[in-house]
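All heavy atoms count here, side chains included; hydrogens, waters and symmetry mates do not. The model shown is predicted, which means the values in this text are computed figures rather than measured ones. Lettering follows sequence order; numbering is per chain, from 1.
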There are 2 protein chains.
Amino acid sequence: MTHSHDCHHGHAHSHPEPTPQEPPRLAGERATRQRAAIREVLASEGRPMTPPEILEIAKRHVPRLGIATVYRNLKAMVDVGEITAVPLPGDRLYYELAHRAREHHHHFRCNECERVFDIPGCAGGFGDLAPQGFTVQAHDLTLYGVCAECGTDATSPEGIATEADLP
Amino acid sequence: MTHSHDCHHGHAHSHPEPTPQEPPRLAGERATRQRAAIREVLASEGRPMTPPEILEIAKRHVPRLGIATVYRNLKAMVDVGEITAVPLPGDRLYYELAHRAREHHHHFRCNECERVFDIPGCAGGFGDLAPQGFTVQAHDLTLYGVCAECGTDATSPEGIATEADLP
DNA sequence: CTTCATGCAAATAGTTTGCAAGAAG
DNA sequence: CTTCTTGCAAACTATTTGCATGAAG
């Protein structure tokens with residue numbers, strides 16, 4: 001099974017969900033210390049993060065915080081549109097504050113430090129790429145390379161491959 | 001961690017290796033019934049598939065085939081360059097025959113049938129998107145929508161959202 | 001006080017590994 | 001016959017769920 005219960009990519013999408021089972025969740029859920037911590041972590045880091053990453057840092061504020069609570073809150077926060085799930089290739093879901101994802105954008109993953117960064121703007125115009133009969137509704141673009149910090153850092157072991165191997 | 005550098009782990013070679021370096025794996029590994037089945041499934045389906053998907057179909061040829069064998073063979077086949085790991089956003093790794101991935105291409109995932117298709121050609125020119133100081137070395141582009149088969153199929157339960165909501 | 005969220009642990013699901021038995025060369 | 005591979009099960013990791021306790025309103 002995949003993660004079909006929720007929208008796998010929080011980008012532009014229109015899901016004609018036939019089952020009205022899921023009642024629209026009230027936006028005013030309880031304000032708990034743990035949810036505040038999660039929100040704070042995402043805000044202070046300012047980059048897409050994984051649940052375990054978030055837990056690690058949020059524990060500084062709420063030591064007894066459990067991973068299950070992180071997952072539950074993240075899911076709830078996605079539901080109310082406070083945060084957005086960021087699907088990265090071959091990896092698990094990352095999350096970031098929704099206001100950062102307000103406008104469609106892409107992501108950059110540093111091959112050195114493994115961190116993920118937002119890239120403003122959208123290349124767009126991929127509708128033509130799909131074969132005859134295919135309807136394109138959304139897309140995900142992820143760039144890989146070396147971030148500014150790692151690139152400037154002279155402590156790189158051996159020469160970093162800086163030639164773009166894009167065709 | 002990522003899809004880029006996962007060298008296969010030591011299988012069952014307990015023989016004293018003079019060189020600590022991992023010797024380049026011989027391309028001519030043992031031809032087993034199970035590996036042939038896996039290869040055949042990938043060839044006949046002609047699309048990126050997940051290990052569980054492959055197992056399901058390959059079992060028709062080798063009923064007692066186990067999931068562990070599928071994983072081990074897929075990893076070995078990637079090592080010798082026979083197949084390629086396809087990283088899709090927020091999902092697990094898919095695999096496809098290497099000759100299909102010879103030239104850089106992208107993927108399309110149908111929101112209806114969940115299948116993944118190859119899209120020939122590359123949009124390219126994403127080097128400019130990254131911020132100052134960032135070096136782009138590679139990219140992954142995945143399109144989402146409705147495939148030709150699901151789009152034509154009138155048996156769709158509820159109206160399919162056919163309007164492209166790309167910016 | 002009533003209801004909902006938490007924390008912990010058990011339950012899932014995908015993937016990896018140990019090991020004895022079986023197959024390939 | 002020797003070595004590599006398989007199949008099964010246990011081990012792991014990531015994520016989800018059940019339930020009694022505890023906090024929010």
Side-chain angles (χ1 to χ4, degrees), chain A residues 1-6 8 22-23 25-39 49-56 58-59 61-80 82 85-88 90-95, chain B residues 1-3 5-17 23 25-39 49-56 58-59 61-80 82 85-95 114:
Chain A
M1 276 305 142
T2 61
H3 46 284
S4 43
H5 50 282
D6 62 356
H8 41 280
E22 178 76 24
R25 201 183 196 79
L26 293 187
E29 292 177 316
R30 285 193 179 171
T32 64
R33 175 169 30 276
Q34 17 282 100
R35 179 180 295 210
I38 294 173
R39 181 180 299 118
M49 303 173 76
T50 65
E53 267 185 318
I54 296 169
L55 171 68
E56 203 57 30
K59 265 186 171 174
H61 305 283
V62 187
R64 309 203 65 67
L65 181 61
I67 186 66
T69 298
V70 173
Y71 278 106
R72 275 188 287 234
N73 273 294
L74 288 176
K75 188 163 290 186
M77 292 164 84
V78 167
D79 284 349
V80 300
E82 183 177 1
V86 180
L88 291 178
D91 227 301
R92 58 185 156 297
L93 284 180
Y94 285 61
Y95 295 86
Chain B
M1 198 76 198
T2 71
H3 56 285
H5 53 69
D6 64 319
C7 306
H8 83 85
H9 303 211
H11 283 189
H13 44 66
S14 46
H15 49 222
E17 205 61 66
R25 200 183 194 77
L26 295 186
E29 293 177 316
R30 284 193 180 172
T32 64
R33 173 169 32 274
Q34 18 282 97
R35 181 181 293 211
I38 293 173
R39 183 180 298 119
M49 303 174 76
T50 64
E53 267 185 319
I54 296 169
L55 172 67
E56 203 56 31
K59 264 185 172 175
H61 304 283
V62 186
R64 309 204 64 69
L65 181 61
I67 187 66
T69 299
V70 173
Y71 278 104
R72 276 188 285 234
N73 272 294
L74 288 176
K75 189 162 290 187
M77 292 165 83
V78 167
D79 283 349
V80 301
E82 183 177 359
V86 180
L88 291 177
D91 224 300
R92 57 185 154 299
L93 284 180
Y94 285 61
Y95 295 87
E114 303 249 306

Does B:V78 form a side-chain contact (heavy atoms from CB on, under 4.5 Å) with B:Y95? I'd like the steps, not just the answer. CA-CA 9 Å; B:V78 167; B:Y95 295 87; 3.7 Å; yes
Tell me the interatomic distance from B:L93, atom CG, to D:dA14, atom P, rounded to whole angstroms. 15 Å
Which heavy-atom pair separates A:I67 from A:L55 by the least distance, and what is that distance? CD1-CD2, 3.7 Å
How close or far is atom P of C:dG14 from atom CG of B:L55, stated in whole angstroms? 11 Å
Measure CZ/A:R92 against C1'/C:dA13 and give the value in whole Å, please. 15 Å
Closest approach of B:P51 and B:L74, non-hydrogen atoms and distance? CG-CD1, 3.8 Å
Can you tell me the distance, in whole Å, between the CG atom of A:N73 and the P atom of D:dT16? 13 Å
Tell me whether A:E56 at atom CD has more than 12 heavy atoms from other residues, nucleotides or ligands lying less than 6.0 Å away. no
Here the distance between atom C1' of D:dT17 and atom CG of A:L74, to the nearest Å, is 16 Å
Shortest non-hydrogen pair, B:K59 vs B:L65, comes out as CE-O, 3.5 Å
The residue among A:R39, A:E29, A:R35 that forms side chain to side chain donor-acceptor pair (under 3.5 Å) with A:N73 is A:R35
Produce a footprint string for nucleotides 19-25 of chain D: one letter per nucleotide, 5' end first; B if the base is under 4.0 Å from any protein heavy atom, S if only the sugar-phosphate is, - if neither. ----BBS
Using atom CD1 of A:I67 as one end and atom P of D:dC12 as the other, report the distance to the nearest whole Å. 19 Å
Can you identify which nucleotide, out of D:dT16, D:dG7, C:dG14, has its nearest atom closest to the B:L65 side chain? D:dG7
Return the value, rounded to whole Å, for the distance between atom CD1 of A:I38 and atom C1' of C:dG7. 13 Å
Residues in side chain to side chain donor-acceptor pair (under 3.5 Å) contact with A:Q34, at least two apart in sequence or another chain: none
Calculate the interatomic distance between A:K75 atom NZ and D:dA14 atom P; express it in whole Å. 17 Å
Give a yes/no answer on whether the side chain of B:Q34 brings an N or O atom under 4.0 Å of OP1 or OP2 in C:dA23. no
DNA chain D nearest-nucleotide lookup for A:A68 and B:G66: closer to the 5′ end is B:G66
